[in-house]
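Take a look at the structure below.
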Amino acid sequence: MEGEIMKVIEYWIEGEIGNFIKVWISVYISLSYCYFIGKIVPKGIKRLIPILPVIFLFLILPLNLHTMHLGITTAFFISWLSNFKLLMFSFDKGLLSDPSISLPRFLAVACLPIKIQQQQTKSHKITDHRNQHHHHKSVFINYGIKGFLLASMIKIYDYSDKIHPNIILVLYCFHIYFALEIILGIAAAVARGVVGVELEPTFNEPLLSTSLQDFWGRRWNIMVNRILRPSVYDPVLTLSNKFLDRQWAPLPAVFCTFVVSGLMHELIFYYMGRRKPSGNITLFFLIHGLCLVTEVAVKKAVNGRWELPRALETVLVAGFVIGTGIWLFLPEMLQFNADVRAFEEYAAVGAFAKDVARALTFIPSKNSTRVL
């Protein structure tokens with residue numbers, strides 16, 4: 001095991017980190033080009049045409065990275081978030097289309113899960129500063145707890161041979177959630193500190209969801225939801241309003257949003273394993289899309305006349321999401337040893353940190369003698 005860890009450390013230092021730096025230099029150069037294109041080319045197809053090469057480039061760049069954390073995080077940021085934002089920017093929609101936005105903020109907003117804070121009056125700023133202080137404190141505690149739980153689960157995996165496989169799969173579900181929230185939170189916090197942008201909340205305690213609509217619409221990966229709404233949901237809703245009653249027009253828009261989300265997840269999984277998609281990830285989102293559409297239709301029909309207890313709703317939603325995740329989602333990850341690769345990266349980072357700390361704490365003086 002120690003030999004494998006050393007190989008991972010060597011790979012990270014000599015290959016992956018260098019490629020990671022090159023990829024992100026390419027990203028920022030490309031986004032700078034898009035920024036100036038937006039200044040001189042009018043919105044619409046005329047702007048989309050010179051931006052299309054950047055969109056294709058952002059689909060290719062993640063292929064240069066192979067680690068679970070650097071590679072998949074980069075793929076999510078540029079192949080999904082950034083590309084969808086650039087498509088909206090081409091038609092003068094979204095935060096990137098703000099005419100007053102500076103180049104540094106354009107670069108940050110284009111590829112990271114953040115938003116620009118609205119201008120406020122002086123009194124509101126004072127109140128907001130106090131609120132932010134309490135909010136940041138609670139966020140710090142929240143991330144600390146989830147970081148501790150994530151570290152605990154990683155330790156529990158050492159005894160996986162003594163634990164029922166289904167329990168391990170459930171732990172993997174929580175592992176994915178905690179890891180995603182921590183990674184995206186760190187990325188957004190760094191961007192906020194460097195270029196002064198406000199955090200875009202990524203998760204809102206999804207384990208407390210009382211319905212699929214609540215889970216997907218308000219609690220799970222909020223940033224993706226806010227990208228898919230203007231780019232997929234709203235256009236399909238506008239179209240369906242022409243053919244359906246206003247009450248039922250949102251249903252096709254909801255389902256199409258899940259179809260696009262499923263396809264984008266297939267792309268992310270391709271970057272992760274470099275294998276031909278099996279369709280299970282898309283099936284996962286199709287099932288959830290159909291169930292959510294059914295849920296909305298039933299709510300409209302019942303109109304509040306009958307409701308389940310809140311605690312039971314939370315258990316049912318969590319059970320359904322975890323159950324379908326174990327059935328369709330996790331097997332795709334385990335096929336290409338995503339769990340093993342992730343644990344090797346954790347161990348490599350830990351070993352590298354120990355080596356750095358050991359080197360910093362022992363710096364021999366000029367007069368010191370070496371003991372052979």
Side-chain angles (χ1 to χ4, degrees), residues 22-63 74-120 187-188 191-192 194-200 221-244 246 249-250 252-254 256-261 263-264 267-268:
K22 292 176 184 177
V23 164
W24 278 97
I25 289 175
S26 302
V27 168
Y28 287 128
I29 292 174
S30 301
L31 290 175
S32 298
Y33 159 80
C34 293
Y35 176 80
F36 291 109
I37 286 292
K39 297 294 184 183
I40 59 177
V41 180
K43 66 180 180 179
I45 299 298
K46 290 183 178 179
R47 185 184 295 179
L48 176 62
I49 291 174
I51 288 179
L52 275 177
V54 174
I55 292 175
F56 288 124
L57 176 64
F58 283 5
L59 293 174
I60 297 172
L61 283 177
L63 296 174
T74 297
F76 172 71
F77 285 162
I78 65 174
S79 297
W80 190 341
L81 292 188
S82 188
N83 273 351
F84 274 65
K85 289 180 180 181
L86 288 176
L87 287 172
M88 289 190 290
F89 172 66
S90 299
F91 297 93
D92 208 32
K93 296 181 179 180
L95 290 175
L96 297 180
S97 299
D98 182 355
S100 64
I101 192 171
S102 65
L103 177 58
R105 290 198 173 194
F106 183 93
L107 299 178
V109 173
C111 56
L112 295 174
I114 52 181
K115 64 180 179 180
I116 297 177
Q117 191 175 17
Q118 300 296 323
Q119 294 293 329
Q120 298 175 320
R192 181 178 184 273
V194 173
V195 293
V197 291
E198 186 57 39
L199 292 170
E200 177 75 72
N221 215 342
I222 300 170
M223 183 61 195
V224 167
N225 178 54
R226 290 181 178 173
I227 287 294
L228 292 176
R229 175 173 283 276
S231 60
V232 180
Y233 178 86
D234 289 344
V236 176
L237 178 62
T238 301
L239 181 63
S240 61
N241 272 326
K242 298 178 181 179
F243 302 99
L244 298 174
R246 187 179 182 86
V254 169
C256 287
T257 302
F258 273 86
V259 172
V260 173
S261 181
L263 295 175
M264 293 308 300
L267 177 64
I268 298 299

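No experiment lies behind these values; they were computed from the predicted model shown.
- Minimum heavy-atom separation, Phe84 to Val232: CE2-CG2, 4.3 Å.
- The shortest distance between side-chain heavy atoms of Leu107 and Tyr35 does not fall below 4.5 Å.
- For the atom pair CG of Leu48 and CG of Leu87, the computed distance is 6.5 Å after rounding to the nearest 0.5 Å.
- Ring-plane geometry between Trp80 and Phe76 is classed as perpendicular, the angle between the planes exceeding 60 degrees on a 0 to 90 degree scale with a lower cut at 30.
- In this structure, the side chain of Ser261 does not engage the main chain of Thr257 through any donor-acceptor pair within 3.5 Å.
- Pairing each heavy atom of Phe58 with each of Ser79, the nearest pair is O-OG, 2.6 Å.
- Within the 4.5 Å cutoff, the side chain of Met88 has heavy atoms near those of the Pro230 side chain.
- In terms of modelled atom types and a separation under 3.5 Å, the side chain of Ser240 and the main chain of Ala249 share a donor-acceptor contact.
- Using a 4.5 Å cut-off on side-chain heavy atoms (C-beta onward), Trp24 and Leu61 make no contact.
- A side chain to side chain contact (heavy atoms under 4.5 Å, CB included) with Arg47 is found for one member of Ile45, Ile51, Ile49 and no other, namely Ile51.
- Distance check: Ser32 OG to Ile37 CD1 gives 12.0 Å after rounding to the nearest 0.5 Å.
- More than 12 heavy-atom neighbours from other residues, nucleotides or ligands sit within 6.0 angstrom of NZ on Lys39.
- Here the OG-CG distance, from Ser231 to Leu86, works out to 12.0 Å after rounding to the nearest 0.5 Å.
- Closest approach of Leu267 and Leu59 over heavy atoms only: CD2-CD2, 3.8 Å.
- The closest donor-acceptor contact from the side chain of Lys85 to the backbone of Gly94 lies at 3.5 Å or more, if one exists at all.
- Atoms CD1 and CD1, on Ile60 and Ile55 in that order, are 12.5 Å from each other to the nearest 0.5 Å.
- Taken from CZ in Phe106 to CG in Asp98, the straight-line distance is 11.0 Å, to the nearest 0.5 Å.
- No donor-acceptor distance shorter than 3.5 angstrom exists from the side chain of Ser82 to the backbone of Phe77, with no hydrogens or angles considered.
- Between the Ser90 side chain and the Gly44 main chain, no donor and acceptor come within less than 3.5 Å of each other.
- Residues Tyr33 and Pro50 share a closest heavy-atom pair of OH-O, 2.8 Å.
- Atom CZ of Phe56 has 12 or fewer neighbouring heavy atoms from other residues, nucleotides or ligands inside a 6.0 Å radius.
- Shortest non-hydrogen contact noted between Ala253 and Val236 is CA-CG1, 3.5 Å.
- Taken from CZ in Arg226 to CG in Leu81, the straight-line distance is 13.0 Å, to the nearest 0.5 Å.
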Test log, rule side-chain contact (heavy atoms from CB on, under 4.5 Å), inputs Ser97 and Phe91: CA-CA 9 Å; Ser97 299; Phe91 297 93; over 6 Å; no
